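Data first, discussion second: the structure below is written as structure tokens.
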Amino acid sequence: MDVDRSCFDWPVFGLADADKRGRLERGLGELTRLHARNCEPYGRIVQALGVDPMRDYGLEAVPLLPVRLFKQYELKSVPDTAVFKVLTSSGTSSQQLSRVVLDRDTAQAQTRALVLILQDFLGKARLPMLILDHPGVIKDRRSYSARGAGILGLSSFGRDHVYALRDDMTADLEAVAAFAERHRGQRVLLFGFTFMVWKYFVGALRRTPLRTPLSDAILIHSGGWKKLQDEAVDAATFGRALEEFAGVSRVHNFYGMVEQVGSIFVECEHGRLHTPAFADVLIRDARSGLTLPPGQTGLIQALSLLPASYPGHSLLTEDLGEWTGVDDCPCGRLGRTFKVHGRAARTELRGCSDTHAAAVEQVAGASA
Amino acid sequence: MSEPYEALVPGSPAPELLRAAAPLRPFAPEACAFLEALSDLLLQQRSARAYAELTALAYWMRRASIRRLQADCAARQGTALLLARGTVFHIAPANVDTIFVYSWALSLLTGNRNIVRLSSRSSPQTEVLLDAIAALLGDAAHRTVGERTLLLRYAPDDALTGRLSAQCDARIVWGGDATVAEIRRIPLPATAIEVAFADKQSIALVDAARWNGFDQARRDGLAESFYTDAYWFGQMACSSPRVVLWLGTAEATAQARADFWPRVERVIARRQERFSDIDYVDKLVAADSLAIELPVRIEASANNDLTRLWVDRPGLRVPHFCGAGLFLESRIAALDELRPLLDRKLQTVCYAGLDSDELRAFVAAAPLAGVDRFVPFGRALEFAPVWDGFDLMRVFAREVTVI
């Protein structure tokens, strides 16, 4: 697919809002046209909405798709012969999985974007990398989960990769110790999914008197705080435990989704998630559909210039967040910043029908 | 002895002991007195008055209302000799909190003993109701009803459902297709009957030209009534319309729609509480899914409390339906175009701009493949003893012939 990728020449956190907005509007308009032409279901939605894809729309008026549609339909804008790989979400087994179709161009764009964003936080040198997961996550190279995609994406960014967990999720403490020993006194990179990091890595380290001699480790993690909140673990507790048990000096959470791999939103040392030059976030009130000003919580809409092989350039998530500012973060990075408040809650079933059946399913689910 | 169910009224008889009490005569004074007392109690209690559906139930059980029901039954019955069947086992739906009382009350008035299984999922409304019922049945004055009543709750348990079914002469299954399928696997005595309430859906039908001829006040009143029908239970009641079918020419329909929806939106703005964020997302997913699968036009609306899609080719089903104010609109040129669209899954047609004589003539003219009731706007959610095509008073009775 012939897509303009000049966005990678833009300073990744150096575009002032007005400039960035114009560039995004042009790029997103181009993608709307491309997907309306090449992805039939998307074209039908755009037509049903009465949107004229030939026009460029303001950032707030770019048509959006609810991200859940990727669980119900295969939405792709490339012919089958151009499919390079298919990403799936790592949701629990009972849920339908998202399927995200990548061609070579979009897959490469995802990797480039990730590198540009992370270099801004980590520097250009490849760091020795400890992956806080098990190697089984990336076994099948043609189709893998968001976890696998994240690990592969970040792996290209480190060197001397070591997996901290075995396939049975127990911590391989000897491997960790050997890694620490090899890179004593050096800056190293740790990567994992928030809950895995807490449960299997921190959990194992807690139970052993050994302390890893990592002294300058940076942890990048993602996946959401929901399960940790259930255990009353907040970001500060998480950070302190990693410092105490693993010598981690810096922790960067990031927000991202399998439907927009690559254009991730990384949290800076001031606790704000940053939008890179080729992506942005809007906060919408679910009832009015309108975008909200800073400080008000609403649904997160994620915009990205990367998805060319599937219509994922403007997605309405089911996550709640608020934007915290634009071009004004003390860390100096330009662009919009925001916070995530977790998943919007699902309400109870209502209505006349099938409520005993729902109870049956719940009971069956509990025993499974 | 410990039973595998939770009896909701202390001192209730065990299922096998219900038979010790003989059935009552239809409209027995003890049954009427009990319902009247329950009505009074609900109307007095502040806790009950807080819920509109409990108030509606209490009015439905007032003495005058039961008298009317009795007169109506007598008129319909003619010279037929109707007796209680014996024991009726009611399996109530979970989230329409009052249905179990309607079902039980009609059966009680027919003279039956009753086993009523409530959903294990409770609600404040149900608890208020159960407190009132337990208080009355604990009173010696209502012993006749108490001896003939077992209200219970249990988690899905085929053995127990089988044991209760073995005691019954009629089994009434509310709760939709999946529940019906679950319960139907469990045998009944050879002489017993079953009535099952399937998943159903409903539509609104509006004569466009007549709508355009109504005065302002009438149109506002009808918009208000439509809102009640559609939004009261978040549009998830089976009687709430999901489709709005316009009857008339394209021009009249365009004019009527341009008038109707803004009026409905004004009612929504005044009365509708915010749905959950996920409800709004669900509607967006539903609208986009419909757009992928059908040639629809997604119409603009004031906000996401109302989502409507126009489709040129009329249909009465809404795939991906999720409630919370989602409507599929289309047009027919003449009432007879409704006929090929009907099927057994259609329950209620809420109408405006038509009259009951026209609709009676429509029904009488030729056999219909579906539809259970036609009601004017505003009455979709009213319970009636004839439900989904079943005359419940008749279902709960058996007829004896004497020649």
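These figures come from a predicted structure and were not determined experimentally. Only this structure's heavy atoms are used, side chains among them; waters, hydrogens and symmetry mates stay out. Reminder, nothing fancy here: chain letters follow the sequence lines and each chain counts from 1.
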Problem set entry | Region of Gln272(B) that comes under 4.5 Å of a non-hydrogen atom in chain A | both
Exercise. Chain A heavy atoms under 4.5 Å from Leu294(B): which part of the residue, side chain, backbone, both or neither?
Worked result: backbone
Kindly check if the number of other-residue, nucleotide or ligand heavy atoms within 6.0 Å of [atom1] ([X]) is above 12?
X         : atom1 : value
Glu273(B) : CD    : no
Arg379(B) : CZ    : no
Arg274(B) : CZ    : yes
Arg313(B) : CZ    : no
Glu299(B) : CD    : yes
Lys227(A) : NZ    : no

Problem set entry | Structural part of Ile45(A) lying under 4.5 Å from a heavy atom of chain B | both
Problem set entry | Heavy-atom proximity to chain B below 4.5 Å, by part of Tyr42(A) | neither
Measure the [atom1]-[atom2] distance between [X] and [Y] for me, rounded to the nearest 0.5 Å.
X         : Y         : atom1 : atom2 : answer
Leu284(B) : Glu318(A) : CG    : CD    : 10.0 Å
Leu49(A)  : Leu309(B) : CG    : CG    : 9.0 Å
Glu293(B) : Arg44(A)  : CD    : CZ    : 9.0 Å
Asp288(B) : Leu64(A)  : CG    : CG    : 8.0 Å

Seminar exercise, completed: Minimal heavy-atom distance between Ala48(A) and Ala291(B), with the atoms involved, is CB-CB, 3.6 Å
Exercise. Counting heavy-atom pairs under 4.5 Å to chain B, which of Gly43(A), Ala344(A), Ala286(A), Gly50(A) comes out on top?
Worked result: Ala286(A)
For this session: Sort out for me which of Asp285(A), Leu320(A), Leu290(A) touches chain B most, counting heavy-atom pairs under 4.5 Å.
Result: Asp285(A)
Exercise. Hey, mind stepping through Phe275(B) and Arg287(A) against side chain to side chain contact (heavy atoms under 4.5 Å, CB included) and telling me if it holds?
Worked result: CA-CA 8 Å; Phe275(B) 292 107; Arg287(A) 183 181 213 175; over 6 Å; no
Exercise. Is there a side chain to side chain contact (heavy atoms under 4.5 Å, CB included) between Ser288(A) and Asn304(B) once you walk through the steps?
Worked result: CA-CA 6 Å; Ser288(A) 71; Asn304(B) 293 328; over 6 Å; no
